[in-house]
Colleague: 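Please read through the structure below; I'll follow up with questions.
If you're wondering where the values come from, they're calculated on a predicted model, not measured in any experiment. Throughout, residue positions are numbered sequentially from 1 according to the sequence presented. Any value given below was found using the heavy atoms of this structure, including those in side chains, with hydrogens, waters and symmetry copies removed.
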Amino acid sequence: MARWAIAIHGGAGVDPNLPESRQEEAKRLLARCLQAGVDMLRSGAAALDVVEAVVRELETDPFFNSGRGSALTRRGTVEMEASIMDGRGRRCGAVSGVSTVKNPVSLARRVMDKSPHSYLAFDGAEEFAREQGLETVDNSYFITEDNVGMLKLAKEAGAILFDYRIPLTGTDTCSALAGAVDNKHNGMVMNGLPISIYAPETVGCAVVDSTGACAAATSTGGLMNKMTGRIGDSPLIGSGTYACDACAVSCTGEGEAIIRSTLARDVAAVMEYKGLPLQQAVDYCVKERLDEGFAGVIAVSKTGEVAYGFNCTGMFRGCATEDGFMEVGIWE
């Protein structure tokens with residue numbers, strides 16, 4: 001019997017001034033979802049079922065950027081994307097441009113299990129969801145008051161926002177945002193173009209079960225104030241999500257950089273071709289493969305190891321292993 005292990009994330013790149021109350025709220029949510037996954041693994045659940053169930057929980061809570069609470073497009077709507085992958089046979093399913101499906105990760109699972117395809121998007125994905133009887137809701141269900149306010153600030157500043165959970169009261173938020181925009185040409189670059197700050201609060205889960213099977217799932221609302229139709233790394237197999245016989249990986253951060261580096265697949269590749277252990281593989285990919293981009297990675301191996309890495313300020317994360325280790329954290 002293999003040892004089971006689970007890792008989850010709620011996004012990499014955290015506002016260093018995030019209020020303590022918000023940090024504690026994030027930790028409570030991560031701990032609850034992590035415990036749900038642990039309970040399933042202790043009862044013998046399959047890795048694929050665990051990653052779907054845990055990501056569904058993260059999508060349902062509005063705190064992180066997936067499902068309810070997703071970032072808004074410049075039109076004020078929600079366009080979500082998700083993917084899931086089974087390491088055994090490397091089967092996968094992914095969706096983009098989803099606007100009414102309550103749990104996009106479950107639609108990705110249906111694409112994998114019930115369609116001849118690996119990836120569906122926009123109207124085709126929505127139509128397939130209805131055919132499959134998945135729960136749908138009006139787009140307004142996903143929109144929160146906080147995100148409406150942050151979209152307004154983003155539009156006024158001409159920015160793509162990094163962290164939209166910061167309280168909207170007072171002038172601190174507006175001043176910080178204005179300062180970021182004023183300095184944007186000396187800051188980060190996305191796909192060759194200067195931006196102020198990016199929004200990486202994707203959620204994800206990577207699991208190895210007691211049979212040694214690995215699976216991963218990732219879900220996001222994308223960037224705040226993004227162009228409609230923009231697709232990030234989360235639904236792209238090999239970029240935001242990957243699972244094989246050796247490991248399972250979920251990524252978060254600057255989507256364009258993750259896409260360029262095929263970051264999730266690279267973790268598996270350096271294990272397979274370089275023979276590196278899991279943590280060394282994650283460290284190598286985060287340090288050497290992002291071309292000045294910013295991202296975070298969670299991963300598990302078929303032998304029950306867990307690993308994570310990030311090259312930005314913090315990553316919302318949690319992990320647990322069969323031998324009793326459990327951790328939830330944000331900073332280094």
Colleague: Could you give the distance from CG (Leu107) to CD (Glu126), rounded to the nearest 0.5 Å?
Modeller: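 Reported to 0.5 Å precision, the distance equals 8.0 Å.
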Colleague: Given side chains that start at C-beta, do those of Leu278 and Met271 come closer than 4.5 Å, heavy atoms only?
Modeller: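 Yes, at least one pair of side-chain atoms sits under 4.5 Å.
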Colleague: Just list the side-chain donor-acceptor pairs under 3.5 Å for residues 284-291, sequence neighbours left out, or say none.
Modeller:
from: Arg289; atom 1: NE; to: Asp266; atom 2: OD2; distance (Å): 2.4
from: Arg289; atom 1: NH2; to: Asp266; atom 2: OD2; distance (Å): 3.1

Colleague: Quick one: does Val51's side chain get under 4.5 Å of Met85's, heavy atoms only?
Modeller: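 Val51 does not reach Met85 side chain to side chain.
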Colleague: Do Phe142 and Ser99 have side chains that approach each other closer than 4.5 Å (heavy atoms only, starting at C-beta)?
Modeller: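 The answer is no; the side chains never approach within 4.5 Å.
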Colleague: Please round to the nearest 0.5 Å and tell me the distance separating atom CD of Gln132 and atom CZ of Arg109.
Modeller: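 So the gap between those two atoms works out to 12.0 Å.
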Colleague: Quick check: does any side chain N or O of His117 sit under 3.5 Å from a backbone N or O of Val111, one acting as donor and the other as acceptor?
Modeller: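 Not at all, since once roles are kept as given, no pair shorter than 3.5 Å links the two residues.
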Colleague: Is a donor from one side chain sitting under 3.5 angstrom from an acceptor on the other, for Thr144 and Asp146?
Modeller: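 No, no side-chain donor-acceptor pair sits under 3.5 Å.
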Colleague: The criterion is salt bridge (charged side-chain N to carboxylate O under 4.0 Å, His left out); which residues satisfy it with Arg110, sequence neighbours excluded?
Modeller: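 If we apply the salt bridge (charged side-chain N to carboxylate O under 4.0 Å, His left out) test to Arg110, skipping adjacent residues, there are no hits.
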Colleague: Between Arg56, Arg32, Arg28, which is the residue that forms a salt bridge (charged side-chain N to carboxylate O under 4.0 Å, His left out) with Asp61?
Modeller: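 Answer to the salt bridge (charged side-chain N to carboxylate O under 4.0 Å, His left out) test with Asp61 among Arg56, Arg32, Arg28: Arg32.
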Colleague: Examine the side chains of Ser66 and Ser219 and answer whether a donor and an acceptor come within less than 3.5 Å of each other.
Modeller: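 The answer is no; no qualifying pair exists.
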Colleague: Can a donor-acceptor pair be found, under 3.5 Å and without considering hydrogens, that links the side chain of Asn103 to the backbone of Thr60?
Modeller: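 No, Asn103 side chain to Thr60 backbone: no donor-acceptor pair under 3.5 Å.
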Colleague: Is the shortest side-chain heavy-atom distance between Phe64 and Leu30 below 4.5 Å?
Modeller: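 Of all side-chain heavy-atom pairs linking Leu30 with Phe64, at least one is under 4.5 Å.
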Colleague: Between atom CD1 of Ile298 and atom CE of Met315, what is the distance when rounded to the nearest 0.5 Å?
Modeller: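 The distance works out to 7.0 Å.
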Colleague: With rounding to the nearest 0.5 angstrom, report the CG to CD1 distance, Leu236 to Ile259.
Modeller: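 Reported to 0.5 Å precision, the distance equals 5.0 Å.
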Colleague: Any luck finding a side-chain donor-acceptor pair between Tyr119 and Ser96 under 3.5 Å?
Modeller: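 Per modelled atom types, Tyr119 and Ser96 side chains form a pair under 3.5 Å.
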Colleague: Could you work out, with side-chain contact (heavy atoms from CB on, under 4.5 Å) as the rule, every residue matching Thr73, not counting sequence neighbours?
Modeller: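 With sequence neighbours excluded, Thr73 shows a side-chain contact (heavy atoms from CB on, under 4.5 Å) to Arg75, Thr77, Glu79, Lys226, Thr228, given in chain and number order.
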Colleague: Any salt bridge between Arg265 and Glu272, counting N to O under 4.0 Å?
Modeller: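 Looking at Arg265 and Glu272, the cut-off is met.
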Colleague: Quick check on the hydrophobic clustering: are Val328 and Phe63 connected, directly or via other members, by side-chain heavy-atom contacts under 4.5 Å?
Modeller: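 Linked within one cluster.
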Colleague: Between Thr100 and Thr136, is the side chain to side chain donor-acceptor pair (under 3.5 Å) condition met? List the steps.
Modeller: CA-CA 5 Å; Thr100 68; Thr136 59; 4.9 Å; no
Colleague: Roughly how far, to the nearest 0.5 Å, is the CZ atom of Arg91 from the CG atom of Asp86?
Modeller: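 Between Asp86 CG and Arg91 CZ, I get 5.0 Å after rounding to 0.5 Å.
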Colleague: Can you find a pair of side-chain heavy atoms, one from Val78 and one from Leu72, that are under 4.5 Å apart?
Modeller: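 Touching, per the 4.5 Å side-chain cut-off.
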Colleague: Hey, is the main chain of Thr252 close enough, under 3.5 Å, to the side chain of Asp233 for a donor-acceptor pair?
Modeller: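 Flag not set: sc Asp233 to bb Thr252 has no pair under 3.5 Å.
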Colleague: Would you confirm whether Lys155, through its side chain, and Arg74, through its main-chain N or O, come within 3.5 Å as a donor-acceptor pair?
Modeller: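 Indeed, once roles are kept as given, a pair shorter than 3.5 Å links the two residues.
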Colleague: Using 0.5 Å steps for rounding, measure from the CD atom of Glu59 to the CD atom of Glu52.
Modeller: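 Glu59 atom CD to Glu52 atom CD measures 9.0 Å (nearest 0.5 Å).
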Colleague: Check for a donor-acceptor pair, side chain of Gln279 on one end and backbone N or O of Ala307 on the other, with a separation under 3.5 Å.
Modeller: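 Pair absent, no side-chain N/O of Gln279 close to backbone of Ala307.
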Colleague: Would Ile237 and Met112 show up in the same hydrophobic cluster when neighbours are defined by side-chain heavy atoms closer than 4.5 Å?
Modeller: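 No, Ile237 and Met112 fall in different hydrophobic clusters.
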Colleague: Would you say that Val50 contacts Asp209 through its side chain, given a criterion of any heavy-atom pair below 4.5 Å between the two side chains?
Modeller: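 A side-chain contact is absent here, since even the closest heavy-atom pair is not under 4.5 Å.
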Colleague: Just so I know, are the side chains of Phe310 and Glu332 near enough to count as touching, which here means a heavy-atom distance under 4.5 Å?
Modeller: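 Side chain of Phe310 against side chain of Glu332, heavy atoms only: contact under 4.5 Å found.
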Colleague: Checking side chain to side chain donor-acceptor pair (under 3.5 Å) against Thr218, which of Ser250, Ser234, Ser83 comes through?
Modeller: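 When side chain to side chain donor-acceptor pair (under 3.5 Å) is applied between Thr218 and each of Ser250, Ser234, Ser83, only Ser250 qualifies.
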Colleague: Between Arg88 and Thr211, is there a side-chain heavy-atom distance shorter than 4.5 Å?
Modeller: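 Yes. Closest side-chain heavy atoms under 4.5 Å.
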